[in-house]
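Report on one structure; see the data block that follows.
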Amino acid sequence: MLSIQEHGTVEEASSNLLDFILIPDNWLEQAAPQPEGSAAWPASDMQYQRRVGSLRICASVDVAPTLDVTLHIAFRAPGLTPIKAADHLESFLKQRLPLTPNSEWQVEVDDRRWIHFSRRYAGTHLLA
């Protein structure tokens with residue numbers, strides 16, 4: 001059984017996980033839109049998850065059947081709120097993809113208490 005890689009800081013986890021998920025060979029195919037967005041997410045593959053203390057982080061780049069590409073990052077921890085998760089998102093992205101004013105992220109809290117952030121990763125859909 002695989003275990004989730006543990007890191008000392010969100011920034012360390014970010015460096016490691018973003019290096020992995022941003023490689024196009026590691027992008028995930030989105031079979032179909034999930035009801036309420038996240039029934040099969042976060043990815044059950046532990047390669048897409050990291051842990052910092054009690055905070056779990058899951059991230060992926062998802063390619064839809066329409067070839068839209070979405071960056072998806074989720075956090076879960078006891079007592080985690082969407083505001084605190086947004087702070088974790090900022091720390092997570094700071095080194096590689098810093099947040100910019102007016103950047104739009106979709107935010108969702110699922111029934112398993114994962115707080116999901118997603119946004120378009122590529123400006124327009126891919127051309128095949």
Side-chain angles (χ1 to χ4, degrees):
M1 181 172 157
L2 295 175
S3 63
I4 299 172
Q5 290 184 33
E6 180 117 15
H7 296 277
T9 66
V10 171
E11 292 80 6
E12 276 180 31
S14 166
S15 178
N16 182 270
L17 187 52
L18 285 175
D19 283 350
F20 174 74
I21 69 162
L22 294 178
I23 297 170
D25 286 344
N26 296 327
W27 293 6
L28 298 176
E29 179 182 344
Q30 220 178 28
Q34 300 294 322
E36 291 301 313
S38 312
W41 211 91
S44 59
D45 187 337
M46 296 302 167
Q47 294 181 92
Y48 295 88
Q49 296 190 36
R50 299 295 183 271
R51 182 183 297 273
V52 177
S54 63
L55 177 68
R56 286 184 55 189
I57 304 165
C58 187
S60 66
V61 175
D62 304 325
V63 181
T66 60
L67 298 181
D68 288 326
V69 182
T70 304
L71 176 61
H72 192 150
I73 302 169
F75 301 93
R76 185 171 83 171
L80 186 64
T81 65
I83 297 297
K84 186 61 179 166
D87 291 341
H88 288 311
L89 178 68
E90 183 177 18
S91 296
F92 186 80
L93 295 173
K94 186 178 2 179
Q95 296 172 347
R96 190 82 174 254
L97 304 164
L99 294 178
T100 57
N102 298 321
S103 62
E104 294 184 21
W105 288 81
Q106 292 181 348
V107 182
E108 176 186 337
V109 180
D110 71 17
D111 58 351
R112 296 169 297 157
R113 297 189 329 236
W114 279 93
I115 300 172
H116 302 263
F117 296 89
S118 60
R119 68 169 295 185
R120 185 179 296 243
Y121 180 63
T124 57
H125 68 279
L126 298 174
L127 300 175

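For residues 78-92, the set of pairs meeting the salt bridge (Lys or Arg N to Asp or Glu O under 4.0 Å) definition, not counting sequence neighbours, is empty.
Taken from SG in C58 to CZ in R51, the straight-line distance is 12.0 Å, to the nearest 0.5 Å. Annotation: the span from Q5 atom CD to S3 atom OG amounts to 8.0 Å, rounded to 0.5 Å. Residue W27 holds its CH2 atom at 10.0 Å from CG of L71, rounded to the nearest 0.5 Å. Taking CD of E29 as the reference point, atom CG of D62 lies at 10.5 Å (rounded to 0.5 Å). Atoms OH and CG, on Y48 and N26 in that order, are 4.5 Å from each other to the nearest 0.5 Å. The structure places CZ of R76 at 13.0 Å from CD1 of I57, a figure rounded to the nearest 0.5 Å.
Every residue meeting the side-chain contact (heavy atoms from CB on, under 4.5 Å) condition with K94, not counting sequence neighbours, appears here in chain and number order: E11. With sequence neighbours left out, the side-chain contact (heavy atoms from CB on, under 4.5 Å) criterion links E12 to H7, T9. Listed by chain and residue number, F117 satisfy the side-chain contact (heavy atoms from CB on, under 4.5 Å) test with A86 (two or more places apart in sequence, or in another chain).
Here the shortest heavy-atom pairing between A85 and L80 reads N-CD1, 3.8 Å. Between S118 and T70, the shortest heavy-atom contact is CB-CG2, 3.8 Å.
Within 6.0 Å of the CZ atom in R113, the count of heavy atoms belonging to other residues, nucleotides or ligands does not exceed 12.
The shortest side-chain heavy-atom distance between H72 and H116 falls under the 4.5 Å cut-off.
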Side-chain donor-acceptor contacts of residues 13-24 below 3.5 Å, not counting sequence neighbours, with atom names and distances?
{"unit_1": "S14", "atom_1": "OG", "unit_2": "F92", "atom_2": "O", "d": "2.2"}
{"unit_1": "N16", "atom_1": "OD1", "unit_2": "R50", "atom_2": "NE", "d": "2.6"}
{"unit_1": "N16", "atom_1": "OD1", "unit_2": "R50", "atom_2": "NH2", "d": "2.7"}
{"unit_1": "D19", "atom_1": "OD1", "unit_2": "R96", "atom_2": "NH1", "d": "2.5"}

